[in-house]
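Note sheet for the following structure.
For the single chain, residues carry numbers from 1 onward in sequence order. Counting starts at 1 for both ligands and their atoms, following the listed order. Keep in mind the model is a prediction, meaning the values are calculated, not measured.
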Amino acid sequence: MSSADKNLSVFNTEGLPDISNKKFAIVVAEWNNEITEKLFEGAYQTLVNYGAAEANILRGNVPGSFELTLGAHWFAQREDIDAVIALGVVIQGETKHNDYINHAVAQGITNISIKNNKPVIFGVLTPNNMEQAIDRAGGAFGNKGDEAAMTAIKMVGLKDQIAGK
Ligand code: RBF
C-alpha cells in the first residue's frame, strides 16, 4: 500500500506487548506546531489506549525538526526510557531546506537508535503542502502520531521478545 492511500491510524494490533511498565518519551518540533500538536495528541493517546501509564509518557519540545535528533538522543540516553518518538513536519516545496532537514533527521534518528540500542521512531511528516499535512495529522489519512506510537510499541515488544523476556 502506498503512503498516498494508507490510513496511518489503522494497524494490525495482534500480539501487542504489555507496555504498562514501559516508559516513552515524545520529542515534538515547534515548527508547524498546529500540526505537530496534533501528532503529539495522536501519539500520546495511542500509547495510553494500548496500555501505557500517563506518568510514563514524557515530553520534550525542540525548535524545529533539525533538532529532533539531539532532543531524542538526550532522552534515549536515559536508561529508564524504553522508546523515543520524534515528531515533526517538514513541508516540501516551501524551501529546498526540506531535503537537508529530512535527510539529516532520518539519518540522525537511525544513528541514535542504534547507538542507544532502543527504538527511536521517525514520526516526521514530509508533505508537499499544508493540506497533505492536515490529512495526515488526524485528517482523511489518519494521524502519523498514532502510527509512530504504534511503531514504538511494536519495537519495544520485539526487543523483549528477542531478549527472551
Ligand atoms: N523545521 C521544521 O520542523 N519544519 C520545516 O518545514 C522547517 N523549514 C525550515 C526552513 C528554513 C529555510 C529554515 C532555515 C529552517 C527550517 N526549519 C524547519 C527549522 C529547522 O528544523 C531548525 O530548527 C533551524 O534551522 C535551526 O535554526
Self-check item: Nearest heavy atoms of V27 and F75, plus distance in Å
Solution: CG2-CD1, 3.6 Å
Quiz prompt | Contacting atoms of ligand 1, where contact means under 4.0 angstrom from a heavy atom of V89 | solution = 2 (C), 3 (O), 4 (N), 5 (C), 6 (O)
Quiz item: Under 4.0 Å from any heavy atom of F66, which atoms of ligand 1 are there?
Solution: 20 (C), 21 (O), 22 (C)
Practice problem: Taking the side chain as every heavy atom from C-beta outward, state whether P17 and I153 have any atom pair closer than 4.5 Å. | Solution: yes
Quiz item: In terms of atom number and element, which parts of ligand 1 are under 4.0 angstrom from non-hydrogen atoms of N32?
Solution: 4 (N), 6 (O)
Quiz item: Should you measure from each heavy atom of I91, which atoms of ligand 1 turn up under 4.0 Å away?
Solution: 6 (O)
Self-check item: Test applied, salt bridge (Lys or Arg N to Asp or Glu O under 4.0 Å); reference residue, D160; option that passes from K154, K118, K22
Solution: K22
Quiz prompt | Over 12 non-hydrogen atoms of neighbours within 6.0 angstrom of NZ in K38 | solution = no
